[in-house]
Each structure stands twice: as C-alpha cells, then as structure tokens.
Amino acid sequence: MNIITGNNNEFAQRLIGARTQRGWTQRELASNVQVSKRTISQYETGDMFPRPDTLQRLADQLHVDPTYLATGQHLNTLKYLADQENSGALGLMRCEMVYVEDWNTLAPGFSQTPVYCANPQAPNQSADMKAFTPILKSTTDQRRAARYPGSYPGSEEYPPNCIVIMNTAVWTADEIENGSDVVFKMRGTAGSPGLRRVSREPGIAGQTLVAIGAAAHAAPLEFTNEAVEIIGVVVSQVISRLVPKTAHRTL
C-alpha cells in the first residue's frame, strides 16, 4: 500500500498507476530506470520529483507520455488548449476587479479567491477594494493578479510590490512567445514562484528561462513542460499603488 505524504501527490498517483499497469514492483522499475528502489519509493510518496532525464527514462520504461506523467495531460492536449486560447474570439471586453493574491502562496491551476461585491452576500465575496485591482478583460480571458515582492538585485521592470497580472490559460513551453515573462514553479520543489523571461536562440532547439534586469547574470533554467509548471504569462503590471515594504526575493 502506498501512502502519499509529499507535495507531488498527483505525479505520485500517476507513477503508481503506470507501474501497476506494467505489472512491476518498485524494485523492478528502479532496475530498469537505473535508479535506487529508495528513489522510486520517494517518487511514489510524493516526496521527490524526477529530473527531466530520469522522467524521460521512467516514461520510456512505463510506455507513457512524459508530459502526461509530469502534468497529467498529454502534450497534444496542452497544445490544443493553448491554440484555443490564442485563436478564440475575444468576446465582450469589460472592466473587472481581480483579487490580488499573495505571491508566496501562488500555485498552478484554479485559484479559489474572493470575488469583489459592493454588498457582500456570500462568504467568498468582499467589498474591500484595497484587496483588488481593476483590469480590462474579455468574457473568455483567464486572469490572476499577485503582488510581486521584488528581487535582488532589483529590477526596474518589476519593482517591489508591483502587481503582476497574468494570463492563466493552459500553456505549453513551445506555445509561449519568445520574450514573454512567465510566473512559474519548478516541478518537485517547494517555495515561492519565480519570474523569468522566455529565451530562444536562433538555430538552437528548445528554450530557457532567463533572469530579468539586474539579475540577468543568473544561470538560465531549462524550460520544458516536464520541468516547469507555468502559473501564468504576464500581460501587464500595476506599479503605482503604495503598500508597506516587504522582503526581497532572489529570482
């Protein structure tokens, strides 16, 4: 019986299901992937997430799509959803109040946040305008906002306490335009999200995430669907609202 206790519970469930369907024990899978049985056990309790090369070997041995193993969706599905978002009709534009989330608690996927209402009638409604920011969006847009704590060294593009507004539709690494800024988390890691820029070099396959502004000397990160969870693609930011100073975070 597998008891999942770690943060990577959904990945652990998919791995257990794929291994069980293959009819292998943890020891047999470990031998075929060339890792220790203890490593497989930690994957299946959700306490560890594999590196991209190990993830690929797991997928090869279990006869599954590595993107599915990592994300729960096949690569073709992710591309289809991204195409739908990029090519769909904008719909009616309107101004809407969006709740400003805490950067440190941002996570990929659906976010259950308060809804602005001048006369709250339900527990999830709030009339506190300071907790929201107005944005212009269509009826089909998916938007989230979060207050960025800043970076060290600082960035003129994203000063401390600016509000970052994101498109949170489903994205794949290949579908995001070169030069776009993305809010993301590395799969299998805890802690706050990162904010980096997509970079593609001419004639070189794949893409990386590079640091922005004064922190641009930091090493680039490999940007693949298997390694990175995308929270949102930045569409705008609000930098004029005054709030108390907060601690800086390194990109």
Side-chain angles (χ1 to χ4, degrees), residues 6-8 49 71 95-116 124 126-137 141-171 173 176-199 207-225 227-251:
N7 295 325
N8 304 298
F49 190 87
T71 69
C95 184
E96 184 174 305
M97 300 295 285
V98 174
Y99 182 76
V100 180
E101 301 178 55
D102 180 355
W103 186 271
N104 295 320
T105 59
L106 278 176
F110 178 75
S111 176
Q112 186 70 43
T113 57
V115 176
Y116 178 77
N124 69 327
S126 171
D128 182 8
M129 292 192 66
K130 293 181 180 179
F132 296 81
T133 189
I135 67 169
L136 188 65
K137 65 183 290 291
D141 285 338
Q142 299 178 47
R143 297 288 187 264
R144 288 171 70 179
R147 192 177 299 283
Y148 184 55
S151 62
Y152 183 82
S155 166
E156 292 184 359
E157 294 180 68
Y158 295 97
N161 295 314
C162 72
I163 298 173
V164 176
I165 299 170
M166 300 162 280
N167 183 349
T168 57
V170 178
W171 296 91
I176 298 178
E177 293 184 1
N178 189 30
S180 297
D181 295 343
V182 297
V183 180
F184 69 97
K185 295 191 77 170
M186 301 302 294
R187 294 189 185 278
T189 62
S192 302
L195 173 59
R196 289 203 173 197
R197 184 162 292 157
V198 177
S199 175
Q207 53 272 317
T208 59
L209 293 176
V210 298
I212 301 170
H217 64 278
L221 301 174
E222 181 183 12
F223 185 25
T224 66
N225 299 314
V228 175
E229 286 186 284
I230 302 164
I231 298 175
V233 179
V234 178
V235 295
S236 63
Q237 66 249 59
V238 180
I239 61 175
S240 61
R241 299 178 69 179
L242 299 177
V243 295
K245 293 182 178 180
T246 59
H248 285 183
R249 187 183 63 84
T250 301
L251 283 174

Next on the checklist: V235: which residues meet the side chain to side chain contact (heavy atoms under 4.5 Å, CB included) condition with it, sequence neighbours left out?
Outcome noted: R143, I165, N167

Checklist entry - From R147 CZ over to E101 CD, what is the distance, rounded to the nearest 0.5 angstrom? => result 12.0 Å

Checklist outcome for this item: Shortest non-hydrogen pair, P193 vs N104, comes out as CD-CA, 4.4 Å

Item to check | Closest non-hydrogen atom pair, A173 against N225 | outcome: N-OD1, 2.9 Å

Checklist entry - With Y99, which residues qualify under ring-ring contact (aromatic ring centres under 6.0 Å, His included), at least two apart? => result F132

Checklist entry - Is there a side-chain contact (heavy atoms from CB on, under 4.5 Å) between I231 and R144 once you walk through the steps? => result CA-CA 9 Å; I231 298 175; R144 288 171 70 179; 4.1 Å; yes

Checklist outcome for this item: Rounding to 0.5 Å, atoms CZ (F184) and CZ (R196) come to a distance of 5.5 Å

Checklist entry - Should V234 and L195 be marked as a side-chain contact (heavy atoms from CB on, under 4.5 Å) after you check the CA-CA gap, both sets of side-chain angles, and the distance that decides it? => result CA-CA 9 Å; V234 178; L195 173 59; 3.9 Å; yes

Item to check | Intermediate values then yes/no, side-chain contact (heavy atoms from CB on, under 4.5 Å), M186 and V228 | outcome: CA-CA 5 Å; M186 301 302 294; V228 175; 3.8 Å; yes

Checklist entry - How would you list, by chain and number, every residue that makes a salt bridge (charged side-chain N to carboxylate O under 4.0 Å, His left out) with R197, sequence neighbours excluded? => result E157, D181

Checklist entry - Has the side chain of S126 got a donor or acceptor atom that lies under 3.5 Å from a matching backbone atom of D128? => result yes

Checklist entry - By salt bridge (charged side-chain N to carboxylate O under 4.0 Å, His left out), which residues pair with E229, not counting sequence neighbours? => result R187

Next on the checklist: Quick check for you: to the nearest 0.5 Å, what is the distance between W103 atom CH2 and C162 atom SG?
Outcome noted: 8.0 Å

Checklist entry - What pairs with S180 under side chain to side chain contact (heavy atoms under 4.5 Å, CB included), at least two apart in sequence or on another chain? => result I176, E177, V233

Checklist outcome for this item: Hits for side-chain hydrogen bond (donor to acceptor under 3.5 Å, both in side chains) against E96, two or more places apart or cross-chain, chain-then-number order -> R94

Item to check | Pair L209-V198, side-chain contact (heavy atoms from CB on, under 4.5 Å): steps then yes or no | outcome: CA-CA 5 Å; L209 293 176; V198 177; 3.9 Å; yes

Item to check | Shortest non-hydrogen separation from G191 to K185 and the atoms involved | outcome: O-NZ, 2.9 Å

Item to check | Shortest non-hydrogen contact from P149 toward P160 | outcome: O-CB, 3.8 Å

